[in-house]
Amino acid sequence: MDAASAKALTAIVTTDLVAVTRGRPVPADDLEKAKVAGVGWTPANVCLTAFNTIADPNPWGTSGDLRLLPDLKARYRTDRTGSGTPFDIVMGNIVELDGAPWDGCARVRLAEALDALKRATGLALVATFEQEFQLASDRAPAHAFSYEAFRQADPFAPMVYSALEDAGIEPEMVLAEYGAHQFEVTHAPTDALSAADRAVAIREIIREVARNLGTRASFTPKADPNGVGNGVHIHFSFVGPAGETATYDPAGPGGLSAVAGAFVAGVLRHLPAITALTAPSVPSYLRLKPHMWSSSYTWLGERDREASVRICPTVTLGGRDPAKQYNLEFRAADATANPYVALAAIVRAGLAGIRDGLPTPPIVTGDPSVMSDAERAEKGLVRLPQSLGEALDTFLADAEARSWFPQRFVDSFVAVKRAEIAATADMTPEALCATFKALY
Ligand code: GLU
Ligand code: MG
């Protein structure tokens, strides 16, 4: 039998605390049936580390059973990845056997955070994930952003574009980036839950296309201690009940509306704590350094690519309306983060800022790394944690940030991440980067 006539299987998937997408396949024609009660899942799976060990101890032990319930609105299918059978995944929510939401499910955490935002403000969050990665290649890297760099990997970029488009992901750009064999993929803004779903589907589609072309895409935050970082930049804006923008106010500082300013203030207040969730691996902290075009201080900047939250440019060419384009970009994230958890943390932190009526933070220009301590203090610039251990301690010390997640969720995350720290403790930066390049 050839691949084309093989049984069509759809995988019901979940993305866990180490940002690995796992799941179980069902025959595609049974999906409607699987919608009712899902497929089986095991609690301790959420304590799998990136090294394929299970954190020990973990809050779930060896007992218990769950269901992984497909959300049929979040199905991504395409036969354009170059594989013999279609790429076909549907995002799942992990629930108890009676259907109650399960504490360890990341996707549910984002849905809850978005609900809380809606209830408190009437606003919905629109988001998009901009993801960078590097392809394995024996060739000498071509110049940064060059057409040669783009074509060197051909037909990678056109195939990725086609597969994403076919899967309904609305790709915007597949481009050659600055680093060696580095690419970036962006997609059109959509509701925040779908944006996180798309982030997951984009990673898996890119991995599959690369694999089919005999190469490998790595989303590690840092493939080489002296090389470029692979960031995940999360863009967001707010819309009101009629779909009108609530982010932009031409009279506000940097064009920020009062509600968006308070949200950003909350994000910056809790950023040192939530970095543990948005940049959650040991090598993440090789990327979050000054002069890496990433992010290293609690910094709101306007069109500055080292700010943690960047006010993005708007184009007025051709009479385009700034209000429709205006958005903010969170830059302190990478692909070792679960996209649902990263976005849930941003939303909860922002919501705390709105609840407390925080003023819009100062928009800082210049280089915080060369400012005096007094100048940084005056501008509210706090250095982000400089290791995963420090990030976890900072997260655990922020009682409010901890309270946004169920206790066993926090315990699972910390157990997994402490296991990662232990497993990498003796590695040189080179070995650490090589290990994560292969894992992600
Ligand atoms: N590669 C940079 C990072 O690690 C981002 C460069 C850019 O602005 O696109 O986040
Ligand atoms: Mg980029």
Side-chain angles (χ1 to χ4, degrees), residues 19 127-135 141-146 149-150 153 156-157 160-161 164 171-189 195 198-199 202-203 206 217-236 267 271 274-275 277-313 327-337 339 342-343 346 365 367-369 384-386 388 391 429 432-433 436-437 440:
T128 174
F129 284 71
E130 181 180 321
Q131 308 196 79
E132 295 173 335
F133 54 94
Q134 285 166 287
L135 294 178
H143 292 293
F145 310 112
S146 67
F150 180 75
F156 174 74
V160 165
Y161 200 102
L164 295 179
E172 282 193 335
M173 198 85 87
V174 181
L175 61 101
E177 248 281 0
Y178 174 74
H181 309 292
Q182 190 182 36
F183 281 79
E184 171 177 312
V185 168
T186 60
H187 65 88
R198 283 180 177 186
I202 287 170
R203 290 175 197 178
I206 287 170
S218 178
F219 290 78
T220 184
K222 202 82 164 166
D224 164 351
N226 303 310
V228 75
N230 292 304
V232 171
H233 303 157
I234 307 175
H235 292 255
F236 59 92
V267 170
L271 182 55
I274 66 170
T275 302
L277 303 171
T278 63
S281 66
V282 176
S284 295
Y285 295 85
L286 297 173
R287 171 178 166 260
L288 295 183
K289 289 182 176 177
H291 305 160
M292 295 286 178
W293 297 72
S294 57
S295 165
S296 47
Y297 288 87
T298 55
W299 174 6
L300 170 63
E302 194 171 7
R303 291 158 55 189
D304 191 315
R305 289 185 170 78
E306 289 232 336
S308 314
V309 177
R310 182 175 77 119
I311 300 173
C312 294
N327 73 90
L328 297 157
E329 178 190 43
F330 179 93
R331 295 177 65 87
D334 65 58
T336 59
L343 200 44
I346 293 169
T365 51
D367 178 354
S369 72
L384 302 188
Q386 296 185 51
L388 179 57
L432 177 71
C433 287
F436 276 75
K437 186 177 171 184
Y440 287 89

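For this chain, numbers begin at 1 and follow the sequence in order. Every number for a ligand or one of its atoms is a count from 1 in the order of the listing.
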Around the Mg ion (ligand 2), what protein N, O or S atoms are found below 2.8 Å?
-> Glu132 OE2, Glu177 OE2, Glu184 OE1
Nearest non-hydrogen protein atom, atom 4 (O) of ligand 1 = Arg287 NE, 2.7 Å
Given side chains that start at C-beta, do those of Gln134 and Asp224 come closer than 4.5 Å, heavy atoms only?
-> no
By salt bridge (charged side-chain N to carboxylate O under 4.0 Å, His left out), Arg331 pairs with (sequence neighbours left out) Glu329
Going by distance only, is there an N or O of Glu177 that falls short of 3.5 Å from an N or O of ligand 1?
-> yes
Just do the side-chain contact (heavy atoms from CB on, under 4.5 Å) check on Thr275 and Tyr285 with the steps written out, would you?
-> CA-CA 10 Å; Thr275 302; Tyr285 295 85; 3.4 Å; yes
Which of the atoms of ligand 1 are close to Arg305, meaning less than 4.0 Å from one of its heavy atoms?
-> 8 (O)
Would a distance-only check, ignoring hydrogens and angles, find a side-chain to backbone donor-acceptor pair under 3.5 Å from Lys222 to Gly227?
-> yes
Among Ser218, Ser284, Pro283, whose side chain to side chain contact (heavy atoms under 4.5 Å, CB included) with Phe436 holds?
-> Pro283
Has ligand 1 got any nitrogen or oxygen that is less than 3.5 angstrom from a nitrogen or oxygen of Met292?
-> no
Between Asp334 (side chain) and Ala279 (backbone), is there a donor-acceptor pair under 3.5 Å?
-> no
Tyr178 atom OH, neighbour heavy-atom count above 12 within 6.0 Å = no
Please report which non-hydrogen protein atom sits nearest to atom 8 (O) of ligand 1, along with the residue it belongs to and the distance in Å to one decimal place.
-> Arg331 NH2, 2.8 Å
For atom 6 (C) of ligand 1, the closest protein heavy atom turns out to be Glu132 OE2, 3.5 Å
Does the side-chain contact (heavy atoms from CB on, under 4.5 Å) test come out yes or no for Thr220 and Asn230, once each step is laid out?
-> CA-CA 6 Å; Thr220 184; Asn230 292 304; 4.3 Å; yes
Count the heavy atoms belonging to other residues, nucleotides or ligands that lie under 6.0 Å from NE2 of His143, then report whether that count exceeds 12.
-> no
